[in-house]
Chemist: 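Let me begin by handing over the structure; questions about it come next.
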Amino acid sequence: MTTLLNCIERIPSLLTKIVDQRASRFQELGAYVPKECRDLVFVASGTSYNSAFTARIFLEKLGYRVRFYYPNVFLHYNYEELKKDALYVFISQGGSTRLVYEGLRKVKDAHLLNCAICEDVQAPIAALADVALEMGSEKEEFIYRTIGYAATVTTLWLMGIALAEANGTISAKQADGYEKKLRDTIGNLDQRREEAMAWFDAHQFSLMRKSALMYGGAGDLYPVCMEADIKAMEMVPIVTRSYELEEMIHGPQNAFSSEIGFFLFGKSGEDEEKVKAIARFLKKEIGFCAVIGDLASDSHDLYFQAANRTFAPIEYITAAQVIAYRMAVCRGRDLTRAVNGSMKHYITKTL
Ligand SMILES: N[C@@H]1[C@@H](O)[C@H](O)[C@@H](COP(=O)(O)O)O[C@@H]1O
């Protein structure tokens, strides 16, 4: 029987496949998108949304203006005019999330540029879009997406590289340089997974006593925290919250308590002193806190050095995916079964 850990184990080879197909994967999109296009608008839910949020900083570095919306916000609570020259990207792993479909319909009806990223290019959302991109997750067995997140972030990074190369923002040499860096990152993922397994073995007793988890991070580690939060919440399950690093020390710090397990995601050179100071406070005054990444300083932390800063999010999320999975197993959770399966009798989210 396939376990969710097997899915996490498959991530490096699936990402390598996506990178190997870099040239062919974005050919159709490159021909479809006009060279002047510099606006990307993403519409997605849950993990798919977190993937777009994670890719944002890199896409902005490539010269794109990036926006992203939850489908309900895009459809019902957004009074901005649709942008004529933007590419609207609809991400849905399952390919049939109703509001994502309706958002795409709205963009299609306005005759604007659109594409979809789905696991299966035959899925309704992919079939409706002008251009359909395969997510590269192939057939992820569990609805608690781990492959889908890493595959979508990788696809978006490569999409940005392909479009920026096609419109002359970056040279072919720069594009190849990014590819090399991305391969270095993917090459680290097996090790990240093994380290997280060992870290969990050492800390499971403390962690399993917590009744809630809180995650904080800055830059592109903030959306990684959002994804870490949703993984633990849906899989363990446990109440979780994630905050942009600075926001954590505003209102939320009033609720800090020893009942909560804290994870701080940090990279050297990015809010380094802030991560270290918050970690010192949490460890000394509150209780359990683990720093994830190269700012780790003691045995409670999970130290690793990412291959590079640009593509580090997929190294960091590996730790959170493994920890959420291990906690779920410790709780006796059967990840093939929904906890509240009866919800579908009240409300449905797919077509
Ligand atoms: N548990 C899943 C999430 O993991 C997923 O991210 C979200 C969006 O699904 P999709 O990407 O198929 O539109 O739906 C569900 O809530």
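As the structure lists them, so they are numbered: ligands from 1, and atoms in each ligand from 1.
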Chemist: Any atom of ligand 1 sitting under 4.0 Å from a heavy atom of I143?
Modeler: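 Under 4.0 Å: yes for I143.
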Chemist: Any atoms of ligand 1 less than 4.0 Å from a non-hydrogen atom of S48? List them with their elements.
Modeler: 6 (O), 11 (O)
Chemist: Quick one: which ligand 1 atoms are inside 4.0 Å of a heavy atom on S45?
Modeler: 6 (O), 8 (C)
Chemist: Is the closest heavy-atom distance from E119 to ligand 1 below 4.0 Å?
Modeler: no
Chemist: Can you see which heavy atom on I57 is nearest to which on D220, and at what distance?
Modeler: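 What the structure gives for the nearest pair is CD1-N, 3.5 Å.
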Chemist: Check for me whether the distance between the ring centres of F42 and Y49 falls short of 6.0 Å.
Modeler: no
Chemist: Any chance CD of E285 has more than 12 other-residue heavy atoms, nucleotides or ligands included, within less than 6.0 Å?
Modeler: yes
Chemist: Please list the nearest protein heavy atom to atom 12 (O) of ligand 1 with its residue and the distance rounded to 0.1 Å.
Modeler: G94 N, 2.7 Å
Chemist: Could you please spell out the steps behind the ring pair (Phe, Tyr, Trp, His ring centres under 6.0 Å) verdict for Y69 and F74?
Modeler: CA-CA 6 Å; Y69 297 98; F74 182 68; 5.8 Å; yes
Chemist: Under 4.0 Å from any heavy atom of G46, which atoms of ligand 1 are there?
Modeler: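 Those atoms are 6 (O).
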Chemist: Ion pair present between E165 and K173, side-chain N to carboxylate O less than 4.0 angstrom?
Modeler: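 No, no charged N to carboxylate O under 4.0 Å.
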Chemist: Please report which non-hydrogen protein atom sits nearest to atom 9 (O) of ligand 1, along with the residue it belongs to and the distance in Å to one decimal place.
Modeler: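 The answer is T97 OG1, 3.8 Å.
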Chemist: Please report whether the ring centroid of Y101 lies less than 6.0 Å from that of F90.
Modeler: no
Chemist: Looking only at protein heavy atoms, which one is nearest to atom 1 (N) of ligand 1, and how far off is it?
Modeler: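 Looking only at protein heavy atoms, the one closest to atom 1 (N) of ligand 1 is E234 OE1, 3.3 Å.
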Chemist: Number the atoms of ligand 1 from 1 as they appear, then name those within less than 4.0 Å of a heavy atom of Q93, with their elements.
Modeler: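 Every atom of ligand 1 under 4.0 Å from some heavy atom of Q93: 10 (P), 11 (O), 12 (O).
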Chemist: With nothing but distance in play, are any N or O atoms of K231 less than 3.5 Å from an N or O of ligand 1?
Modeler: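 No; every N/O pair is 3.5 Å or more apart.
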Chemist: When you measure from atom 16 (O) of ligand 1 to every protein heavy atom, which one gives the shortest distance, and what is it?
Modeler: K349 NZ, 3.4 Å
Chemist: Nearest 0.5 Å, please: how far is CG in L128 from CG in L351?
Modeler: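 If we round to the nearest 0.5 Å, L351:CG and L128:CG are 9.5 Å apart.
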Chemist: What is the closest protein heavy atom to atom 6 (O) of ligand 1, and at what distance does it sit?
Modeler: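 Ranking protein heavy atoms by distance from atom 6 (O) of ligand 1, first comes T47 N, 2.8 Å.
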Chemist: State whether the shortest distance between N or O atoms of R145 and N or O atoms of ligand 1 falls below 3.5 angstrom.
Modeler: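 No; every N/O pair is 3.5 Å or more apart.
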Chemist: Is there a side chain to side chain donor-acceptor pair (under 3.5 Å) between Y32 and D130? Walk through the geometry before answering.
Modeler: CA-CA 9 Å; Y32 171 77; D130 286 359; 2.7 Å; yes
Chemist: Can we say K276 and D271 salt-bridge, meaning some charged N sits less than 4.0 Å from an Asp/Glu carboxylate O?
Modeler: no
